[in-house]
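One structure is given here, and the rest of the page talks about it.
Nothing here was measured: the structure is a model prediction, and the numbers come from that model. So you know, we letter chains A, B, ... as the sequences are listed, proteins then strands, and number each from 1.
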Protein chains: 2
Amino acid sequence: MAERGRPRAFDKDAALHKAMRVFWTSGYEGASVSELAQAMGINKPSLYAAFGCKEALFREAIELYEKEEGAPVGAALEAGRTARGAIETALRVNARCYTNPDNPRGCMVVVSALAGSPENNPVCSFLADSRRESEESFRRRVARGIAEGDVPESADAGRVAAFYATVMNGLSIQARDGATVDALERVVDSAMAAWDAIAR
Amino acid sequence: MAERGRPRAFDKDAALHKAMRVFWTSGYEGASVSELAQAMGINKPSLYAAFGCKEALFREAIELYEKEEGAPVGAALEAGRTARGAIETALRVNARCYTNPDNPRGCMVVVSALAGSPENNPVCSFLADSRRESEESFRRRVARGIAEGDVPESADAGRVAAFYATVMNGLSIQARDGATVDALERVVDSAMAAWDAIAR
DNA sequence: CCATTTATGTACCGATTGGTACGTAATTCC
DNA sequence: GGAATTACGTACCAATCGGTACATAAATGG
């Protein structure tokens, strides 16, 4: 079962973590392959052998991000006993992630490739897909709330989801602009204070 | 009063408009000087002679953006008879700008350099300053509303501003992700429905 | 021990990056 | 009609971009 050739001399997962942070900090285009390799502690040929190309490395980094930072949000969304509580927790988890002093600021899916040169368009739309999927998961949670009776039947799940997704995305910009956790928490307070006016 | 040497053969303002659109579409790093020059209909030496360097051109482009797309928002903010109405109009003007089919999507100040390579950090923080200034103008408008009596004295102007700035920034992401004008308008509806719960 | 397989570091690839040197064309001042 | 001044297009710069050829090292299978 053991691998055949010479064993890899670096920890691929650890290297991917390093790459994730570089992309998260500098963005897809702002992170050069040389810079990435250096941060990962390997040479470029090792990077290419292990990950294929810059874009593939980025996609793996985003997958890792979604597993480590996104999954807890998804879990909170499922675990919440009401749609309102679930979405509130999701926002608060994100607010803390976006301002965690151990992390680059903001959501990696938002900050790392909002715009880019035409040839990198696939990267931008890949991230856009991911963001739309987040909004869709909000919508599903609200719809479930309607089905379970904790959200009025008359509520428009798509509209509620679009509003909270907008706030969530906005939190990334605020975080990049230096907003503190407390400031983001207050924004979440405000957003949640609107619930009854929106989900009715 | 006439100029001394050979007259410039191109319309500097028209060229700047073209550059603005390229930066708005592709971002600061995603727009190459060659691409910019081509879109502007001039050669690179003319670009450098007229604008100095890439970063200076970008700053002029942002100034132009703020004059043409930002100023109407500022005007709406001043003109509104109440803080609530003023902020609502500001958001709606932005929602239309961000989804205008004649424009690239989203706010240029948000989308064109959220992250970037370390050496372009000045560009990112220049834009962050601009965004913070927008939030500050929201805050001043709410404070004026308190002074004029259309907002309760107990309201926290900074908190109200932070919330609506977050929504406004979030609108840019939604627009980039393909949201329609109507969708953004509904988000603004939701945000404004929260007013009484927030500014109290 | 030897063939096979995979990873490693060095040294390189063509293309593109932001930016310029330079000779020439077009204008104003005197 | 010069001299001075400014803009023009061509052709170029070093540096970096994403990516790779290649010789060598380290492992497994027989």
task = Share the residues that join Val73(A) in a hydrophobic cluster, the rule being Ile, Leu, Val, Met, Phe, Trp or Tyr side chains under 4.5 Å apart at the heavy-atom level.
result = Val93(A)
Whole angstrom value for the distance that separates [atom2] of [N] from [atom1] of [X]:
X         : N       : atom1 : atom2 : value
Arg4(A)   : dT4(C)  : CZ    : C1'   : 5 Å
Glu119(B) : dT17(C) : CD    : C1'   : 10 Å
Phe51(A)  : dT6(C)  : CZ    : C1'   : 16 Å
Glu35(B)  : dA15(C) : CD    : C1'   : 16 Å
Asn120(A) : dC17(D) : CG    : P     : 14 Å

Between [X] and [Y], is there a donor-acceptor pair closer than 3.5 Å when you use the side chain of the first and the backbone of the second?
X         : Y         : answer
Tyr98(A)  : Leu184(A) : no
Asp156(A) : Arg159(A) : yes
Arg176(B) : Leu114(A) : yes

Can you confirm if the NZ or CZ of [X] lies within 45° of the ring axis of [Y] and under 6.0 Å from the centre of its six-membered ring?
X         : Y         : answer
Lys18(A)  : Phe23(A)  : no
Lys12(B)  : Phe51(B)  : yes
Arg140(B) : Phe138(B) : no
Arg59(A)  : Phe126(A) : yes

ask   = Does a side-chain N or O from Asn43(B) land closer than 4.0 Å to OP1 or OP2 of dG9(D), or not?
value = yes
message = Please determine whether a side-chain nitrogen or oxygen atom of Ser46(B) lies at a distance below 4.0 Å from atom OP1 or OP2 of dC8(D).
response = yes
ask   = Could you write nucleotides 18-26 of chain D as a row of B, S and -, 5' to 3', where a protein heavy atom under 4.0 Å of any base atom gives B, of only sugar-phosphate atoms gives S, and otherwise -?
value = BBBB---BB
request  = Mind running a 4.0 Å heavy-atom check of residues 8-22 of chain A against DNA chain D and sending the residues that fall below it, in number order?
outcome  = none
